[in-house]
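Below you'll find the structure, written out as structure tokens, and then a few comments.
The basis for the numbers below is simple: all heavy atoms, side chains too, and nothing from hydrogens, waters or symmetry mates. Letters go in sequence order (proteins before strands), and every chain restarts at 1.
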Amino acid sequence: MSFTDADLIARVLLREDQNAFGELVRRYQSPVRGFLARLADGDAHLADDLAQETFVKAWRKIGTFRSDAKFSTWLFGIACNEWRMHARRRKELALEELAEPSAGLAQPEAATASNLRLDLAAAMKLLTTAERAAIVLCCQNGLSHDEAAQALGCPLGTVKTNVLRGREKLKRALAV
Amino acid sequence: MKNEMPHPPEMNDPLDELLRGAGEYLPDNGFTARVLTALPAKRSHARRRLVVLTVAVLAGAALAAWQLPAIIGVLQQSMPKHWSAIQWPWLATFAALLAALASLVWAVFAIVNEEE
């Protein structure tokens, strides 16, 4: 018998059921860790640390979850805040960064099908953090622009612009 | 829960296919277990602890207020005469209540910090 997210959340709220919360973690660990790994330029250890903190915060704050949103959107919002706090700690600019991508990364030309995925990882580094976050949420995790705006805590127009800009940069870099 | 249409991918766009393909499933590899280990103690336990601590501190303070004057009375008899001018029973009761209050504040702070 499989429980819906709403069933599991209700069990966590009513009984502080750690098994139910564990099931939610199992369901969403992959997209959350993947999202944070993209923001962390592929640093899996950092992404896992931030993802762990994301889920611990979710456990503490689950009483504030509003059922009119998807659980995944809410989780991505916490993950995004974790990333911002981490970036602030490292005195880096997070989603509002204006810096141009580093010059050391050469733009791949005429990518072949076999190394396209490898190139995608490099091409993603050409995007700003805000563009990368919007692309990962909307194009990889299937969130609507509205949901992504909610998770990232920014206006809908900003998300749309970031997705559009990010896609253009990726297309240019990958020559697709 | 809201069931909104996700971001619609462009038809046959190789970039969308590539992005979807790159979002591969990450195996758990003990991640869930680590998260569950890192979860803070249940809130109901913290509340129970607060109740037990409060009752214990108040009982201790009451006991001290009740018994200390008698103990102080015995001690006062063996003290130098000029010390007897000091209101020892009042002072002792006040000190005991102050200690009890400080313990209570410390306990509440500890529990609040743990929950955060």
Contacting moiety of [X], where chain B heavy atoms sit under 4.5 Å:
| X | answer |
| --- | --- |
| A:Ala51 | both |
| A:Ile135 | side chain |
| A:Arg66 | neither |

Is the backbone of [Y] close enough, under 3.5 Å, to the side chain of [X] for a donor and an acceptor to pair up by distance?
| X | Y | answer |
| --- | --- | --- |
| A:Arg60 | B:Pro40 | no |
| A:Gln52 | B:Val35 | no |
| A:Gln18 | B:Leu39 | no |

Intermediate values then yes/no, side chain to side chain contact (heavy atoms under 4.5 Å, CB included), A:Glu23 and B:Thr32:
CA-CA 8 Å; A:Glu23 180 54 33; B:Thr32 301; over 6 Å; no
For the residue pair B:Asp28 and A:Arg33, what are the closest heavy atoms and their distance?
O-NH1, 3.7 Å
Closest approach of A:Lys171 to B:Leu15 (non-hydrogen atoms, all atoms of both residues):
CG-CD2, 3.7 Å
Using 0.5 Å steps for rounding, measure from the OG atom of A:Ser30 to the CG atom of B:Leu26.
4.0 Å
Given a strict heavy-atom distance threshold of 4.5 Å, which part of B:Tyr25 is in contact with chain A: side chain, backbone, both, or neither?
both
Please determine whether residues [X] and [Y] belong to a single hydrophobic cluster, defined as Ile, Leu, Val, Met, Phe, Trp and Tyr linked transitively by side-chain heavy-atom distances below 4.5 Å.
| X | Y | result |
| --- | --- | --- |
| A:Leu120 | A:Leu164 | no |
| A:Ile78 | A:Met85 | no |
| A:Leu156 | A:Val136 | no |
| A:Leu13 | A:Leu24 | yes |

When you look at B:Leu18 and A:Leu170, which way does the side chain to side chain contact (heavy atoms under 4.5 Å, CB included) test go after all the steps?
CA-CA 11 Å; B:Leu18 192 65; A:Leu170 287 177; over 6 Å; no
Looking at B:Arg34, I want to see if its CZ is surrounded by more than 12 non-hydrogen atoms of other residues, nucleotides or ligands under 6.0 Å.
yes
